[in-house]
*Asks:* 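I am attaching a structure below and will ask some questions about it afterwards.
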Amino acid sequence: MIQIWSRKTPLALVTLPFLVLIVSSVFYNKSSLRVFNPYKAPPLRRRPKTTYVEPNREPTSDRGVLDRFSRCNSTKEYSGRSTRFGGDGGGGESGRRDSGSEECDVTSGKWVLDNVTYPLYEESECPYMSDQLACHTHGRDDIRYQHWRWQPHRCDLQRWNTSEMWEKLRNKRLMFVGDSLNRGQWISMLCLLQSAAAKDKRSITPNAPLTIFRAEEYNATIEFLWVPLLVESNSDDPVNHRLAERIIRPDSIRTHALKWEQADILVFNTYLWWRETTVKLLWSDDEEGECEELDGMDAMELAMETWAHWVMTRLDPSKRVFFVTMSPTHQLSEDWKPESQGNCYGENEPIKSESHWGSGSELPAMRMVERVLGRLGPRVSAINITQLSEYRKDGHPSIYRKFWEPLSPEQLANPASFSDCIHWCLPGVSDVWNQLLFHLL
Ligand SMILES: *[C@@H]1O[C@H](CO)[C@@H](O)[C@H](O)[C@H]1NC(C)=O
Ligand SMILES: *[C@@H]1O[C@H](CO)[C@@H](O)[C@H](O)[C@H]1NC(C)=O
Ligand SMILES: *[C@@H]1O[C@H](CO)[C@@H](O)[C@H](O)[C@H]1NC(C)=O
Ligand SMILES: *[C@@H]1O[C@H](CO)[C@@H](O)[C@H](O)[C@H]1NC(C)=O
Ligand SMILES: *[C@@H]1O[C@H](CO)[C@@H](O)[C@H](O)[C@H]1NC(C)=O
Ligand SMILES: *[C@@H]1O[C@H](CO)[C@@H](O)[C@H](O)[C@H]1NC(C)=O
């Protein structure tokens, strides 16, 4: 019967009922949703229930250190495990001692040209200068970026004084812990201080995860520990790290903490390495190499909580701890010049518009940092560099630095395409971050 039917019936007649059925069922589905279901469709992925994992437990087995060869054997969705601990730091939000304190809100102010006091040192006189940051040496002729002074609206920043800073550091270890922005601040500190340290009584160790500058006269060290993601990760080697896949141990900061726990003054940062990426989580109790995947900013929160837990429960309370807020980038000129398509390339003036905030600085991340620091109370001071650095679209190396990879003719024809709008020329913006540290110490 089917054979006869299919042979004799025109195709349209067969398909028409089906078409009607499909169309009407779509219509029915749509209208039924509209009429009978006043609620929005549920989200495709519901957030899993949060469970608490106590971070920084002593390892029960030797689970090895993550490095660039580490791989996940498999990856599944985020399980909802969190490292956030319940306690208040004692001081709470009100007890905070930071750069936004009542005495002087240094985050609100403006840049004024001051070619008498700035720069605080000469680029060519700093033996610790990095090729990544020495912009004048690499061809930047307009050096106005070196001459700006940060002027808070309602008070003055303490004037930078090299010998006073050395006195604050006498018999102490100052350690910067973080990523390349933090390393820039460390180099700035060396450049600011080196002129007052006798050449034959100072030394620096080779570049390593921990690099140490020593000044014998003051019995002091100024150190930098490369830890871009705060917690243990596959990116903890300053040179050989894999960018393609970020794997962290969200609940462990131990191997890093062993290096920093003896320092007297600690300056942490982290932010850029979490942006625009997902991160693989390898929890400490994992035996099979099974990772969970999480959005970078959520993973940053896990790392911050693990760090906060360490500061709260393990770190000797006599240590001074600072956290440097996010360093802004200037990768999109439309942030300050609507409808333009460039970036920081060619910029030679700070942004004048009060409280300018670029798209590179994610507000939810700032709120999260505030929350974590708020719970730590006066234990940790924020060095709040974000707003003042937002104005400095002129402060980046752009094309005036050493690039490690050779540039192609296409790149050279379009300088904006390879401009560095992330790091900061020295002398420059990072010197002022150190001035804030000096102000707070
Ligand atoms: C109509 O909705 C039902 C379930 O609600 C679904 O199975 C069916 O595929 C839908 N039809 C169309 C054409 O979308
Ligand atoms: C400093 O700036 C003033 C005013 O902008 C200018 O007249 C003067 O020549 C500058 N001095 C130096 C040493 O660049
Ligand atoms: C720096 O501080 C020292 C000691 O406190 C003081 O003697 C000196 O005058 C200061 N230098 C400047 C330029 O203010
Ligand atoms: C040097 O500093 C360390 C602390 O970093 C201290 O233990 C030691 O006593 C100091 N040495 C001298 C000679 O003051
Ligand atoms: C992945 O699985 C292999 C074989 O079972 C194992 O040797 C390795 O340690 C696992 N990787 C991780 C990160 O646990
Ligand atoms: C830093 O300052 C900005 C405004 O200048 C403010 O919105 C933010 O909350 C401050 N962050 C912290 C951690 O204090």
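Heavy-atom basis, side chains included; hydrogens, waters and symmetry copies ignored. As the structure lists them, so they are numbered: ligands from 1, and atoms in each ligand from 1. From a predicted model like this one, the values you see are computed outputs, not experimental measurements.
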*Asks:* For ligand 3, which atoms, with element, lie under 4.0 Å from some heavy atom of Ser163?
*Replies:* 1 (C), 2 (O), 3 (C)
*Asks:* Tell me if the NZ atom of Lys352 is crowded by more than 12 foreign heavy atoms within 6.0 Å.
*Replies:* yes
*Asks:* Consider every N or O of Arg159 and every N or O of ligand 3, then say whether any pair is closer than 3.5 Å.
*Replies:* no
*Asks:* At a heavy-atom distance under 4.0 Å, which protein residues reach ligand 4? Sort them by chain and number, would you?
*Replies:* Asn171, Asn219
*Asks:* Going by atom types alone, do Asn343 and Ser333 pair a side-chain donor with an acceptor below 3.5 Å?
*Replies:* no
*Asks:* Give a yes or no on this: more than 12 heavy atoms of other residues, nucleotides or ligands lie within 6.0 Å of atom NZ of Lys110.
*Replies:* no
*Asks:* Any side-chain to backbone donor/acceptor pair from Arg254 onto Val231? Under 3.5 Å, distance only.
*Replies:* no
*Asks:* Within a distance under 4.0 Å of any heavy atom of Thr107, pick out the atoms of ligand 6 and give their elements.
*Replies:* 5 (O)
*Asks:* Evaluate Thr325 for polar contact with ligand 6, using N/O atom pairs at a separation under 3.5 Å.
*Replies:* no
*Asks:* Could you point out which residue of Glu347, His356, His330 forms a side-chain hydrogen bond (donor to acceptor under 3.5 Å, both in side chains) with Lys393?
*Replies:* Glu347
*Asks:* Can Arg81 and Ser79 be counted as having a side-chain donor-acceptor contact under 3.5 angstrom?
*Replies:* yes
*Asks:* Sort and list the pairs that fulfil salt bridge (charged side-chain N to carboxylate O under 4.0 Å, His left out) and have at least one residue in residues 149-171, not counting sequence neighbours.
*Replies:* Asp114-Arg149, Glu167-Arg170
*Asks:* Output yes when the distance from some N or O of ligand 6 to some N or O of Arg367 is under 3.5 Å, and no in every other case.
*Replies:* yes
*Asks:* Kindly give the heavy-atom pair with the smallest separation between Asp431 and Gly428, and that separation in Å.
*Replies:* OD2-N, 2.8 Å
*Asks:* Which ligand 6 atoms does Gln387 reach within 4.0 Å, using its non-hydrogen atoms?
*Replies:* 5 (O)
*Asks:* Using a strict 4.0 Å threshold on nitrogen-to-oxygen distance, state whether Lys76 and Glu290 make a salt bridge.
*Replies:* yes
